[in-house]
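I have placed the structure first, in the form of structure tokens, so that the comments after it can refer back to it.
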Number of protein chains: 2
Amino acid sequence: MQETGLAASERPRITAPHRELLDQVLDKWSLQVLEELCEQPQRFNELRRAIPVVTQKSLTAALRRLERNGMVERVVTSTRPLAVQYRITPLGTTLQELLDALLCWTTVNMADVERARERYDDEV
Amino acid sequence: MQETGLAASERPRITAPHRELLDQVLDKWSLQVLEELCEQPQRFNELRRAIPVVTQKSLTAALRRLERNGMVERVVTSTRPLAVQYRITPLGTTLQELLDALLCWTTVNMADVERARERYDDEV
DNA sequence: CGGTATCCTTCTCGATACTG
DNA sequence: CAGTATCGAGAAGGATACCG
């Protein structure tokens with residue numbers, strides 16, 4: 001079958017790698033971590049206190065994922081007891097704009113969405 | 001410790017309702033459904049074929065969520081057998097820009113992310 | 001065609017306890 | 001302080017069968 005490029009002008013599609021990256025970076029805890037670290041670098045327990053109510057396990061997982069994807073940096077100071085600081089990377093700050101766009105969208109459209117929900121829930 | 005309101009100029013935070021809305025609308029299948037319906041209205045089984053490889057259950061769930069949140073419209077024609085068409089709403093199209101922004105971000109930064117992953121995976 | 005209902009497996013996530 | 005390890009409950013999601 002010879003496709004003649006009729007779909008050439010279509011918008012790009014979400015492929016598996018894109019999807020996977022978004023999943024790693026837009027999940028519940030990661031977004032809140034990014035928000036916090038955009039404000040200022042912070043230590044593990046500072047983040048824990050700042051994000052209500054994340055468990056150690058979930059926070060660790062989110063930080064590792066973000067670190068692996070190059071969004072945050074983990075800086076260890078080998079004092080006693082040891083200090084670990086997390087800070088956002090340049091790559092991470094590019095996510096901040098996206099975060100703002102997401103937040104902006106929800107803010108602008110929340111009222112419409114809520115009306116739609118009421119309509120939907122009523123007619124059931 | 002007396003906070004003097006120094007955080008007054010801070011960026012808005014993701015609250016639970018915002019978070020919830022994003023979850024309902026940015027999940028794996030919903031994004032692909034929105035992509036499809038942005039191109040053209042489609043019927044249930046058309047969507048099913050267009051999105052590899054979604055199960056009936058997952059597709060139904062995604063469509064119901066999107067419908068409830070006002071992103072897609074379900075149009076039933078009572079023929080025999082009955083025909084159901086799904087189409088994107090004006091509210092749904094506002095999501096399209098966001099989708100583009102997400103896709104653009106992943107496209108631009110994918111290479112950096114992959115380098116970061118390799119670096120991380122190597123040093124373990 | 002366009003679904004629902006049910007079962008069953010997988011994965012997530014919190015709670016808890018322990019460590020360098 | 002900054003985690004790791006382990007367990008169990010619950011939710012997500014696929015496979016299958018059936019219905020108007």
Side-chain angles (χ1 to χ4, degrees), chain A residues 14 16 19-33 36-37 40-69 72-88 120-121 123-124, chain B residues 14 16 19-33 36-37 40-69 72-88 120-121 123-124:
Chain A
I14 296 178
R19 178 71 240 172
E20 189 209 10
L21 175 52
L22 291 176
D23 281 341
Q24 300 238 327
V25 136
L26 294 186
D27 78 275
K28 175 176 178 180
W29 298 123
S30 294
L31 286 193
Q32 297 185 59
V33 168
E36 277 301 321
L37 295 185
Q40 59 186 308
Q42 290 182 59
R43 301 179 51 173
F44 186 85
N45 280 336
E46 286 177 326
L47 281 172
R48 226 188 137 182
R49 280 185 293 270
I51 303 174
V53 286
V54 66
T55 62
Q56 257 182 347
K57 186 178 174 179
S58 300
L59 181 55
T60 303
L63 286 168
R64 291 290 173 277
R65 254 197 321 276
L66 290 173
E67 190 192 355
R68 176 164 187 272
N69 287 282
V72 311
E73 190 186 1
R74 183 170 177 272
V75 185
V76 183
T77 311
S78 300
T79 51
R80 285 290 331 223
L82 72 114
V84 178
Q85 194 188 53
Y86 292 92
R87 57 175 75 145
I88 200 154
Y120 184 93
D121 293 344
E123 79 194 20
V124 178
Chain B
I14 296 179
R19 179 70 240 172
E20 190 208 10
L21 175 53
L22 292 176
D23 282 341
Q24 300 238 327
V25 136
L26 294 186
D27 77 274
K28 174 176 179 178
W29 299 122
S30 296
L31 286 193
Q32 297 186 59
V33 169
E36 279 301 321
L37 295 184
Q40 59 186 308
Q42 291 182 59
R43 299 179 52 172
F44 187 84
N45 280 336
E46 287 177 327
L47 281 172
R48 225 189 139 181
R49 281 186 292 270
I51 302 172
V53 284
V54 67
T55 62
Q56 258 182 346
K57 186 178 175 180
S58 300
L59 181 55
T60 303
L63 286 168
R64 293 288 174 277
R65 254 198 320 275
L66 289 173
E67 191 192 354
R68 177 166 186 270
N69 287 281
V72 312
E73 190 185 2
R74 184 171 178 270
V75 186
V76 183
T77 310
S78 301
T79 51
R80 284 293 328 225
L82 72 113
V84 179
Q85 194 187 55
Y86 292 92
R87 56 173 76 144
I88 199 154
Y120 184 93
D121 293 345
E123 76 193 22
V124 178

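To find a chain, count down the sequence lines: A is the first, B the second, and so on, and within it residues start at 1. Source: prediction; values computed, not measured.
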Taking every non-hydrogen atom, the tightest pair across A:A50 and A:P52: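 A:A50 and A:P52 have their closest heavy atoms at O-CD, 3.2 Å.
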
For B:L59 against B:F44, the heavy-atom pair lying closest together: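 Taking B:L59 first and B:F44 second, the nearest heavy atoms are CD2-O, 3.7 Å.
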
Considering every strand and a 4.0 Å limit on heavy-atom distances, what is the contact class for B:R48: base, sugar-phosphate, or nothing?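 B:R48: no heavy atom of the nucleic acid under 4.0 Å.
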
Figure out the [atom1]/[atom2] separation between [X] and [N], and round it to whole Å.
X     : N      : atom1 : atom2 : value
A:R64 : C:dT12 : CZ    : P     : 17 Å
B:F44 : D:dG20 : CZ    : P     : 18 Å
A:Q24 : C:dT12 : CD    : P     : 11 Å
B:L63 : C:dG3  : CG    : P     : 8 Å
B:D27 : D:dG13 : CG    : C1'   : 12 Å
A:R65 : C:dT12 : CZ    : C1'   : 11 Å
B:E46 : C:dG2  : CD    : C1'   : 13 Å
B:L47 : C:dG2  : CG    : C1'   : 12 Å

Would you say C:dG2 has OP1 or OP2 under 4.0 Å from some side-chain N or O of B:R43?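 So the side chain of B:R43 is within the cut-off, an N or O lying under 4.0 Å from OP1 or OP2 of C:dG2.
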
Is A:Y86 near enough to D:dG3 that one of its side-chain N or O atoms lies under 4.0 angstrom from OP1 or OP2?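 Indeed, a polar side-chain atom of A:Y86 lies that close.
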
Apply the side-chain hydrogen bond (donor to acceptor under 3.5 Å, both in side chains) test between A:R65 and each candidate in A:T60, A:D23, A:D27; give the one that qualifies.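 When A:T60, A:D23, A:D27 are each tested with A:R65, the side-chain hydrogen bond (donor to acceptor under 3.5 Å, both in side chains) holds only for A:D27.
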
Per-nucleotide protein contact along nucleotides 14-20 of chain C, 5' to 3', at a 4.0 Å heavy-atom cut-off (B base, S sugar-phosphate only, - neither), is BB-B---

Is there a donor-acceptor contact under 3.5 Å from the side chain of B:Q42 to the main chain of B:E36?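 Yes, B:Q42 side chain to B:E36 backbone: donor-acceptor pair under 3.5 Å.
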
For B:R87 and B:V75, what are the C-alpha separation, side-chain angles and deciding distance, and is it a side chain to side chain contact (heavy atoms under 4.5 Å, CB included)? CA-CA 8 Å; B:R87 56 173 76 144; B:V75 186; 3.8 Å; yes

In sequence, state the C-alpha distance, the side-chain angles, and the governing distance for A:L66 and A:Y86, and then conclude on side chain to side chain contact (heavy atoms under 4.5 Å, CB included). CA-CA 10 Å; A:L66 290 173; A:Y86 292 92; over 6 Å; no

Side chain to side chain contact (heavy atoms under 4.5 Å, CB included) between B:L37 and B:L47, intermediate numbers included: CA-CA 8 Å; B:L37 295 184; B:L47 281 172; 3.9 Å; yes

